[in-house]
Asks: 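Structure below; questions to follow.
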Amino acid sequence: QITLKESGPTLVKPTQTLTLTCSFSGFSLTTGGVGVGWIRQPPGKALEWLALIYNDDDKRYSLSLKNRLTITKDTSKNQVVLTMTNMDPVDTATYFCVHQEWNQLQFDYWGQGTLVTVSS
Amino acid sequence: QSALTQPASVSGSPGQSITISCTGTSSDVSEYNYVSWYQQHPGKAPKLLIYDVTDRPSGVSNRFSGSKSGNTASLTISGLQAEDEADYYCSSYTSSSTYVFGTGTKVTVL
């Protein structure tokens, strides 16, 4: 059974760097073609894809945010970490961690999400 | 990468069929057969309904079906039920090797 869970601060100040951790179980990021990514959703607004990392350390980033994002993995801990620099109030959102199966291009498992508020 | 365009809202009576459109560009929807659809109930994480334009994951009702024509993908819900009231999002793989989501559609069961 695949599960994912996001953790990190609920409140960050403008200009600070956000660090979110996705802890997962039921699969390994050493398996060929498997990916873990991040998607966010501002309150009352649409989903926005942010980043994805694959077992071979291939990384993909949103073109509009790539200068602010870094995604890394720790296969020994079954974790994926997303950092976002220079946070702004418009970055207030629920951040979801997602799983992508080998050779598939959809997100089949989602974490419950974690709400991050950016405010001074 | 601009968001895919969806109608803000669609409504229907129980038992009816409704269709939600998702319009993209030559760099995403029309280029690839990698459109997926997600259902999101309030306060919950999205759930995968359709992938690769037409395929349903195991456990998803066959009342949900997907299609595509040119740069527009569609999700049809047949035999509308009260539990189908939710937000729906399309998503597509893009020529930049990234992903783009739609603007979202709120489905109301009258």
Side-chain angles (χ1 to χ4, degrees), chain A residues 1-7 20 22 24 33 35-54 56-69 71 82 93-115, chain B residues 1-9 20 22 24 27-29 31-60 64 66 73 75 86-106:
Chain A
Q1 178 189 3
I2 291 175
T3 64
L4 308 103
K5 187 171 184 179
E6 307 86 353
S7 60
L20 293 174
C22 174
F24 57 84
V36 173
W38 292 89
I39 292 164
R40 72 177 179 179
Q41 183 174 39
K45 296 189 177 181
L47 300 169
E48 180 183 17
W49 178 81
L50 298 177
L52 188 62
I53 188 167
Y54 293 100
D56 60 359
D57 215 38
D58 182 18
K59 302 169 186 178
R60 309 289 172 83
Y61 294 103
S62 162
L63 297 182
S64 60
L65 292 169
K66 69 176 303 181
N67 291 337
R68 299 175 53 205
L69 296 173
I71 190 169
L82 180 76
T94 295
Y95 288 75
F96 295 99
C97 176
V98 294
H99 167 271
Q100 187 177 79
E101 188 52 79
W102 175 81
N103 207 31
Q104 301 293 312
L105 294 177
Q106 67 275 4
F107 308 109
D108 52 0
Y109 292 92
W110 294 61
Q112 64 189 23
T114 185
L115 176 61
Chain B
Q1 186 77 47
S2 298
L4 307 175
T5 301
Q6 299 180 232
S9 63
I20 302 168
C22 169
S27 297
D28 39 64
V29 174
E31 177 73 8
Y32 304 99
N33 287 324
Y34 297 130
V35 175
S36 52
W37 289 89
Y38 301 85
Q39 177 192 59
Q40 186 181 32
H41 287 106
K44 302 294 187 181
K47 170 190 173 184
L48 177 66
L49 285 181
I50 297 287
Y51 65 98
D52 293 353
V53 178
T54 61
D55 293 347
R56 274 188 314 274
S58 173
V60 172
F64 296 94
L75 173 73
D87 293 327
Y88 292 80
Y89 294 92
C90 60
S91 177
S92 176
Y93 184 68
T94 81
S95 58
S96 302
S97 301
T98 61
Y99 297 82
V100 61
F101 279 92
T103 51
T105 298
K106 180 177 181 60

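So that the names make sense, note that chain A is the first sequence line, chain B the second, and so on, each numbered from 1.
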Asks: Counting only non-hydrogen atoms closer than 4.5 Å, does A:Gln100 touch chain B with its backbone (N, CA, C, O), its side chain (CB onward), both, or neither?
Replies: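 The side chain, not the backbone.
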Asks: Please state whether the side chain, the backbone, both or neither of B:Tyr99 comes within less than 4.5 Å of a heavy atom of chain A.
Replies: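 Contact with chain A involves both backbone and side-chain atoms of B:Tyr99.
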Asks: For the atom pair CD1 (A:Ile39) and OH (B:Tyr38), what is the distance rounded to the nearest 0.5 Å?
Replies: 6.5 Å
Asks: Where on B:Gln40 is there a heavy atom nearer than 4.5 Å to chain A: the side chain, the backbone, both, or neither?
Replies: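 Contact with chain A is through the side chain of B:Gln40 alone.
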Asks: Answer whether the closest heavy-atom distance between the side chains of A:Leu105 and B:Tyr51 falls below 4.5 Å.
Replies: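 A side-chain contact is absent here, since even the closest heavy-atom pair is not under 4.5 Å.
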Asks: Looking only at heavy atoms and a cut-off of under 4.5 Å, which of A:Gln112, A:Gln106, A:Gln104 has the most pairs with chain B?
Replies: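 Most heavy-atom pairs under 4.5 Å with chain B: A:Gln106.
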Asks: What's the shortest heavy-atom distance between A:Gly111 and B:Ala45, and which atoms?
Replies: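 Looks like O-CB, 3.3 Å.
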Asks: Do you know which two heavy atoms are closest between B:Tyr89 and A:Gln41, and how far apart they sit?
Replies: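 So the two residues come closest at OH-NE2, 3.1 Å.
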Asks: Kindly give the heavy-atom pair with the smallest separation between B:Gly102 and A:Ala46, and that separation in Å.
Replies: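 Closest heavy-atom pair between B:Gly102 and A:Ala46: O-CB, 3.7 Å.
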Asks: What distance separates A:Arg60 CZ from B:Thr94 OG1, expressed to the nearest 0.5 Å?
Replies: 9.5 Å
Asks: Crowded around B:Tyr34 OH? As in, over 12 foreign heavy atoms under 6.0 Å?
Replies: no
Asks: Would you call B:Pro46 and A:Phe107 a side-chain contact if the rule is heavy atoms closer than 4.5 Å?
Replies: no
Asks: Below 4.5 Å from any heavy atom of chain A, which atoms of B:Pro57 appear? Answer side chain, backbone, both or neither.
Replies: neither
Asks: Would you call the rings of A:Trp110 and B:Phe101 parallel, tilted or perpendicular, taking 30° and 60° as the class edges?
Replies: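 The rings of A:Trp110 and B:Phe101 stand perpendicular, inter-plane angle above 60°.
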Asks: So how far is it from A:Tyr61 OH to B:Thr98 OG1, rounded to the nearest 0.5 Å?
Replies: 13.5 Å
Asks: Can you tell me which portion of B:Ser97 sits under 4.5 Å from chain A's heavy atoms? Options are side chain, backbone, both or neither.
Replies: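 It is both, since atoms from each part get that close.
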